[in-house]
Q: 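Starting off with a structure, shown below.
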Number of protein chains: 2
Amino acid sequence: MTIAQVSKKYDITQDTLRYYERIGLIPAVCRNKSGIRNYSDEDCRWVEFIKCMRSAGLAIEVLIEYVALFKQGDSTIDVRKELLIEQRKQLINKLEDMKETLSRLDRKIESYEHCVVKKEKLLIG
Amino acid sequence: MTIAQVSKKYDITQDTLRYYERIGLIPAVCRNKSGIRNYSDEDCRWVEFIKCMRSAGLAIEVLIEYVALFKQGDSTIDVRKELLIEQRKQLINKLEDMKETLSRLDRKIESYEHCVVKKEKLLIG
DNA sequence: GCTTGACTTGGAGCTGGCTCTAAGTGTTAA
DNA sequence: TTAACACTTAGAGCCAGCTCCAAGTCAAGC
């Protein structure tokens, strides 16, 4: 796949794809003889995985570390697993916080309902 | 309450508190004759509300709008409610995305479990 | 051969959201 | 009364994470 196709498929700009590769957020993509990127299926899976993790708020720094460990091979399997577990923990905490905020927002909206009712009562009665 | 107390209570730097006030993220706080901020209970509730919403990822821009509408009085009640409902919608979507990412992370960690088991089998057998 | 156009690079620029600084004012304690 | 300190302001600086740009390379079509 060309960079243009990957960009379209995953809705990530070409600039961002090149940027991610430059900083090591995805492993180096193979090129043809004239230096043009040709994304393999595995490259695509990386792009998709990183996009997903980024959108959930995992830091670029952490993901770069994960990719670097991956490149070092099987000896880093345990470390990678620990890294993922730590990220999961943080994600769960964030989810909890957001759920609380959501219910607070619900209550706030609820109180606006009462407001409107009062206003209507005033208008009617 | 002084800015120092509010800063401590809500774990927000004094700089950030002043910044929030400057850009209209919280309504103007009353000052004594020499210009020093004195946070009322209502000011504190604003600080806490804004902190909570910010931590869930609501944009500063949107919250500034909410505060501006609030300052305009009761005529903006309906608009404010709509604004909150829209933000709730977005928050729910974000939560859903994050939940999916979380279960993906779970599966990934799961697959690392298998990895370790294989490695152990190799070591043992 | 020449133009067009899709790609390449390194580096500069931008946005959001703080965070720090310099210069100044006011209160308090010795 | 003078030193120390907590506060004030406007504006510069910083960081993450892109996004844009200039200059260059290459392949395809006229």
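What's counted below: heavy atoms across the whole structure, side chains too, no hydrogens, waters or symmetry copies. Everything numeric here is computed off the predicted structure, so don't read it as measured data. Residue numbers start from 1 in every chain, and the chains themselves are labelled A, B, ... in the order their sequence lines are given, proteins ahead of strands.
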Q: Using modelled atom types and a 3.5 Å cut-off, is there a donor and acceptor pairing between side-chain atoms of A:Asn38 and backbone atoms of A:Arg31?
A: no
Q: Check the distance between D:dT8's P and B:Leu17's CG and give it to me in whole angstrom.
A: 10 Å
Q: Hey, is the side chain of A:Thr16 poking within less than 4.0 Å of OP1 or OP2 on D:dT19, counting only N and O atoms?
A: yes
Q: Counting N and O atoms only, with roles assigned by atom type, does the side chain of A:Thr13 sit under 3.5 Å from a partner on the main chain of A:Thr16, one being a donor and the other an acceptor?
A: yes
Q: Quick one: OG1 on B:Thr76 to NZ on B:Lys81, what's the gap to the nearest 0.5 Å?
A: 13.5 Å
Q: Without decimals, in angstroms, what is the distance between A:Gln14 CD and D:dC21 P?
A: 15 Å
Q: Can you check whether A:Arg22 has a side-chain N or O nearer than 4.0 Å to OP1 or OP2 of C:dT9?
A: no
Q: Is it the case that the side chains of B:Asp43 and B:Ser40 hold a donor-acceptor pair, with the cut-off being a distance below 3.5 Å and no angle test?
A: yes
Q: Without decimals, in angstroms, what is the distance between A:Asn38 CG and C:dA6 P?
A: 18 Å
Q: I want to check one thing: is the phosphate of D:dT8, taken as OP1 and OP2, less than 4.0 Å away from some side-chain N or O of B:Arg37?
A: yes
Q: Nearest-Å distance, CD1 (B:Ile26) to C1' (C:dC18)?
A: 14 Å
Q: Indicate the atoms forming the closest heavy-atom contact of B:Lys71 with B:Pro27, along with that distance.
A: CE-CA, 3.8 Å
Q: Nearest whole angstrom, please: distance from the P of D:dG13 to the OH of B:Tyr19.
A: 17 Å
Q: Please check the phosphate of C:dC18 (OP1 and OP2 only) for any side-chain N or O of B:Thr13 closer than 4.0 Å.
A: no
Q: Give the nucleotide from the list D:dC7, C:dC18, C:dT8 with an atom nearest to the side chain of B:Ile36.
A: D:dC7
Q: So which nucleotide from C:dG17, D:dT8, C:dC7 ends up closest to the side chain of A:Thr2?
A: C:dC7
Q: For the side chain of B:Ala4, starting at C-beta, report the closest nucleotide among D:dC7, D:dG17, C:dT8.
A: D:dC7
Q: Whole-Å distance between C:dG10 P and A:Ile23 CD1?
A: 14 Å
Q: Report the distance from atom OH of B:Tyr39 to atom C1' of D:dC7, rounded to the nearest whole Å.
A: 12 Å
Q: Round to a whole Å and report the spacing from CZ of B:Arg18 to P of C:dG24.
A: 18 Å
Q: The side chain of A:Arg54 lies closest to which of these nucleotides: C:dT8, C:dT19, D:dG17?
A: D:dG17
Q: What's the closest nucleotide to the side chain of A:Asp15 if the choices are C:dT21, D:dT19, C:dG17?
A: D:dT19
Q: With a 4.0 Å cutoff (strictly under), does any side-chain N or O of A:Tyr20 reach OP1 or OP2 of D:dG17?
A: no
